[in-house]
Amino acid sequence: MTIQTKPIEAYSLPTPNGQKVHIMLEELGVPWIYHRVDIGKGDQFKPEFLAISPNNKIPAIVDPEGPGGAPISIFESGAILKYLGLKFGQFYPTDPRQQVKVDEWLFWQVGGFGPMLGQNHHFAIYAPERIPYATKRYIDETHRLYGVLDKQLEGRDYVAGDYSIADIASIGWAQGWQRQGQDIADFPNVKAWLDRLAARPAVASGLAWGKDTPSADLSKDKDAQKVLFNQR
């Protein structure tokens, strides 16, 4: 069993992507430090953050006790979850076939369930002008993806067998079904899964982490919109 003596540093926010890392660290019970990156004010473009996250996105972590005992920085939430699961031997299976299943659903989330729901949020909530075609496109694609998840959860408690990083990756996004224009009654297996995960103390604390500091309302904060949207 790997023992973590120095805290892992998480550079993050209580967004669906940031919450993945918060939940994982809480589930592992390892020491960690939260560094708030105020993306509405441009913290993500500071050189010190770009040194660990060259895509200027949260989350990112620095593990002072990385491979061989040397520090390592990691960006991209899926890579972080896999790194932590492998390092601590938890929430990521050792059986190769089960690893494939977890990887499939982890990559499904980072490649579709996150980005498409993010576009849903953008066009339905944040865009300064409403474009009906774009709004409908992403609400419909969100509905399709929830349907995929609902079918996968039929007869299962968790997405890929045992509780894993595949579940941790998706919960932050899935809890936002209402603001995504969805009716959870259409997806009873997702509803049961959401309730099941919400009952886990580490999930509850991970989802709440960082919310004590108010964040900008992007639908109204024009300065934050200038920082976050339409950047080249």
Side-chain angles (χ1 to χ4, degrees), residues 1-35 52-53 57-111 113-114 149 152-153 155-175 189-190 192-211:
M1 180 177 177
T2 301
I3 303 297
Q4 187 78 23
T5 58
K6 297 178 182 177
I8 292 171
E9 300 189 58
Y11 295 79
S12 189
L13 275 179
T15 65
N17 285 332
Q19 287 166 333
K20 301 174 192 179
V21 175
H22 306 171
I23 293 169
M24 184 65 169
L25 291 168
E26 289 290 281
E27 288 281 16
L28 291 170
V30 298
W32 67 287
I33 298 171
Y34 171 71
H35 298 285
I52 62 172
S53 184
K57 303 289 185 182
I58 62 99
I61 68 168
V62 175
D63 181 2
E65 299 171 349
I72 188 172
S73 63
I74 307 159
F75 74 104
E76 288 296 327
S77 59
I80 295 169
L81 291 180
K82 279 200 69 172
Y83 170 80
L84 293 172
L86 286 166
K87 175 176 179 174
F88 294 103
Q90 296 187 61
F91 313 115
Y92 188 71
T94 56
D95 177 76
R97 290 183 178 272
Q98 282 304 112
Q99 286 181 350
V100 168
K101 289 301 178 186
V102 170
D103 285 347
E104 286 177 332
W105 288 97
L106 175 64
F107 297 154
W108 173 83
Q109 189 284 310
V110 298
F113 196 62
L149 181 59
Q152 176 64 13
L153 285 166
R156 295 181 177 88
D157 286 343
Y158 303 108
V159 174
D162 294 334
Y163 177 67
S164 73
I165 59 174
D167 302 282
I168 293 170
S170 292
I171 178 64
W173 286 102
Q175 66 167 352
N189 298 317
V190 174
W193 171 79
L194 285 168
D195 292 342
R196 195 173 298 120
L197 264 62
R200 297 181 68 93
V203 171
S205 62
L207 290 173
W209 202 279
K211 287 188 174 181

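We use all heavy atoms of the structure for the numbers below, so side chains are in, but hydrogens, waters and symmetry mates are not.
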Supply the atom-to-atom distance [X] [atom1] to [Y] [atom2], rounded to the nearest 0.5 angstrom.
X: Leu197; Y: Ile171; atom1: CG; atom2: CD1; result: 5.0 Å
X: Met24; Y: Gln90; atom1: CE; atom2: CD; result: 7.5 Å
X: Ser12; Y: Ile33; atom1: OG; atom2: CD1; result: 14.0 Å
X: Ile61; Y: Ile74; atom1: CD1; atom2: CD1; result: 4.0 Å
X: Leu84; Y: Ile165; atom1: CG; atom2: CD1; result: 9.0 Å

### Query
Take atom CG in Asn189; do more than 12 heavy atoms of anything else shown fall under 6.0 Å from it?
yes
In the structure I gave you, are the side-chain heavy atoms of [X] and [Y] within less than 4.5 Å of one another anywhere?
X: Val203; Y: Asp167; answer: no
X: Ser73; Y: Tyr11; answer: no
X: Tyr34; Y: Pro7; answer: no
X: Leu28; Y: Ile8; answer: no
X: Tyr92; Y: Asp103; answer: yes
X: Gln19; Y: Lys211; answer: yes
X: Val102; Y: Phe91; answer: no
X: Val159; Y: Trp108; answer: no

### Message
Which residue is it: Gln4, His22, Glu9, Glu26? I am looking for the one with a side-chain hydrogen bond (donor to acceptor under 3.5 Å, both in side chains) to Trp32.
### Response
Glu26
Closest approach of [X] and [Y], non-hydrogen atoms and distance?
X: Leu106; Y: Ala166; result: N-CB, 4.4 Å
X: Ala160; Y: Gln98; result: O-NE2, 3.4 Å
X: Ser53; Y: Lys57; result: OG-O, 2.7 Å
X: Tyr83; Y: Gly66; result: OH-CA, 3.5 Å

### Message
I'd like to check the side-chain hydrogen bond (donor to acceptor under 3.5 Å, both in side chains) partners of Trp105; sequence neighbours left out, ordered by chain and number.
### Response
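Trp105 satisfies side-chain hydrogen bond (donor to acceptor under 3.5 Å, both in side chains) with no residue once adjacent residues are dropped.
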### Message
Taking salt bridge (Lys or Arg N to Asp or Glu O under 4.0 Å) as the cut-off, I'd like each qualifying pair that reaches into residues 86-99, sequence neighbours left out, listed once.
### Response
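Applying salt bridge (Lys or Arg N to Asp or Glu O under 4.0 Å) to every pair that reaches into residues 86-99, excluding sequence neighbours, yields Asp63-Lys87.
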### Query
Which pairs, with at least one residue in residues 198-209 and sequence neighbours excluded, count as a salt bridge (Lys or Arg N to Asp or Glu O under 4.0 Å)?
Glu27-Arg200
### Task
State which residues pass ring pair (Phe, Tyr, Trp, His ring centres under 6.0 Å) with Phe75; sequence neighbours excluded, sorted by chain then number.
none
### Query
Listed by chain and number, what are the side chain to side chain contact (heavy atoms under 4.5 Å, CB included) partners of Arg196, not counting sequence neighbours?
Asp157, Tyr158, Ala192, Trp193
### Message
Please enumerate all residues that pass side chain to side chain contact (heavy atoms under 4.5 Å, CB included) together with Asn17, with sequence neighbours excluded.
### Response
Thr15, Lys20, Pro59, Ser77, Trp173
